[in-house]
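When a ligand or atom number is given, it counts from 1 through the structure's own listing order.
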Amino acid sequence: MLEVSHLTKKFGKVTANSDISFLLPDGSITILLGPNGAGKSTAIKSIIGFLKYEGSILVNHIPNKSLEAKRLIGYVPEFPALYPNLTVSEHLEFIARAYKLKDYKEYAKELLTRFELIDKKTKFGDELSKGMQQKLSICCALLPRPQVLLFDEPMVGLDPHAIKELKLLFEELKAKGASLLISTHMIDSVDTLWDETLIMKAGQVIAHVRKDELKQTGQTLEDIFFEKTEKELS
Ligand code: ADP
Ligand code: MG
């Protein structure tokens, strides 16, 4: 479970996140949807503990910057940050050692197979294409089986097979009780995966859209997105 309360983050005069509050229950998928510059990456970087901010962020009731909370969070950054001198296999081994994982090899093999990286095991980080780097970055984040997963624009640069596999994984992780937060600027990239969508604009969450509420009103996410964003403009 992740609880974000009154998150505010300023970069000088720019308020990148303005009093944002939301809760990710166990076994749920939440989308952060908003145009470029809305503040999605800033919120994610605050949750992972990379930034200083005002407000409170708790992971299973523990402050996010504690070591205990950090072990519970997995993060897939928008731009993969790999080690040029480690091979694909060594990246996973490195994560396994850092997290003191036991019996990780089977899961590592499963992840590499699903993302079609198994025949790239001996390639170095800087020998991989952008899409392959993104896929390895996803495998690294998933290996410790985190309870809270943050994906920043995860579909960008992935091929259709990887997108399909990633969406399957999202649903499997949710079924196992994980809390997922996925940012995107593309409405149609998330189709029906989610339980709740937070629409962001200019640093604010301007709408919390719940899937079950949409079903009742017969509206689409797109309808609400344009209704809310246009209302904000007028
Ligand atoms: P998104 O991920 O939704 O595209 P960001 O969170 O990256 O948006 O950015 C939100 C706002 O914060 C933008 O106006 C951006 O220019 C600003 N911003 C983000 N990171 C920094 C930074 N390190 N320094 C200064 N301004 C930043
Ligand atoms: Mg971003």
Side-chain angles (χ1 to χ4, degrees), residues 2-24 28-59 64-65 70 73-82 130-138 140-142 146 148-158 162-163 166-167 169-170 179-191 193-209 221-222 224-233:
L2 175 75
E3 210 174 343
V4 175
S5 309
H6 305 293
L7 168 64
T8 294
K9 172 67 192 175
K10 291 176 186 152
F11 293 107
K13 285 182 184 161
V14 176
T15 303
N17 285 165
S18 175
D19 195 22
I20 292 175
S21 299
F22 61 89
L23 183 92
L24 304 189
S28 66
I29 299 179
T30 301
I31 305 293
L32 268 187
L33 173 68
N36 295 326
K40 306 178 297 294
S41 297
T42 301
I44 288 175
K45 285 179 197 160
S46 297
I47 296 167
I48 190 77
F50 286 175
L51 297 173
K52 281 189 183 168
Y53 53 83
E54 295 159 52
S56 139
I57 301 176
L58 302 174
V59 183
N64 66 331
K65 292 200 176 178
K70 283 186 177 167
I73 312 181
Y75 169 51
V76 178
E78 188 173 5
F79 305 106
L82 299 178
K130 161 74 176 60
M132 289 176 197
Q133 291 185 21
Q134 178 73 356
K135 293 193 282 188
L136 178 55
S137 174
I138 293 168
C140 287
L142 293 177
V148 172
L149 277 147
L150 312 170
F151 294 89
D152 199 352
E153 307 268 4
M155 316 287 191
V156 175
L158 291 186
I163 291 176
L166 186 59
K167 287 181 178 176
L169 262 165
F170 287 159
S179 314
L180 281 71
L181 184 66
I182 305 163
S183 89
T184 182
H185 63 280
M186 297 177 290
I187 300 187
D188 49 4
S189 71
V190 293
D191 41 57
L193 274 175
W194 48 279
D195 301 292
E196 186 162 343
T197 291
L198 308 174
I199 301 177
M200 283 194 75
K201 193 167 166 250
Q204 293 179 314
V205 173
I206 58 168
H208 288 247
V209 185
L221 182 58
E222 205 164 10
I224 300 196
F225 181 81
F226 289 114
E227 184 190 302
K228 296 284 178 188
T229 48
E230 277 159 25
K231 199 183 279 173
E232 282 291 305
L233 286 173

Which ligand 1 atoms, with their elements, are less than 4.0 angstrom from a heavy-atom of [X]?
| X | result |
| --- | --- |
| Ser41 | 1 (P), 2 (O), 6 (O), 7 (O) |
| Asn36 | 4 (O) |
| Pro35 | 3 (O) |
| Ala38 | 1 (P), 3 (O), 8 (O) |

Could you check whether atom 20 (N) of ligand 1 has a protein contact, counting only heavy atoms that fall below 4.0 angstrom? yes
Any protein heavy atom nearer than 4.0 Å to atom 15 (C) of ligand 1: no
Look only at interatomic distance and state if Phe11 has a nitrogen or oxygen under 3.5 Å from any nitrogen or oxygen of ligand 1. no
Taking both backbone and side-chain atoms of Val14, is any N or O found less than 3.5 Å from an N or O belonging to ligand 1? no
Are the aromatic rings of Phe151 and Phe170 close, with centres under 6.0 Å apart? yes
Measure from the Mg ion (ligand 2) to each N, O or S atom of Thr42 and report whether any distance is below 2.8 Å. no
Check Ile199, Asp152, Leu198 against Leu32 for a side-chain contact (heavy atoms from CB on, under 4.5 Å) and give me the one that passes. Leu198
Just so I know, are the side chains of Leu150 and Ile73 near enough to count as touching, which here means a heavy-atom distance under 4.5 Å? yes
So for atom NZ, which belongs to Lys10, do other residues, nucleotides or ligands contribute more than 12 heavy atoms lying within a distance under 6.0 Å? no
Atom 10 (C) of ligand 1 has as its nearest protein heavy atom Gly37 O, 3.4 Å
May I ask you to identify the nearest protein heavy atom to atom 12 (O) of ligand 1, giving residue, atom name and distance to one decimal place in Å? Ala16 CB, 3.3 Å
Indicate yes or no for a side-chain donor-acceptor contact from Ser179 to the backbone of Leu2 under 3.5 Å, with no hydrogens or angles considered. no
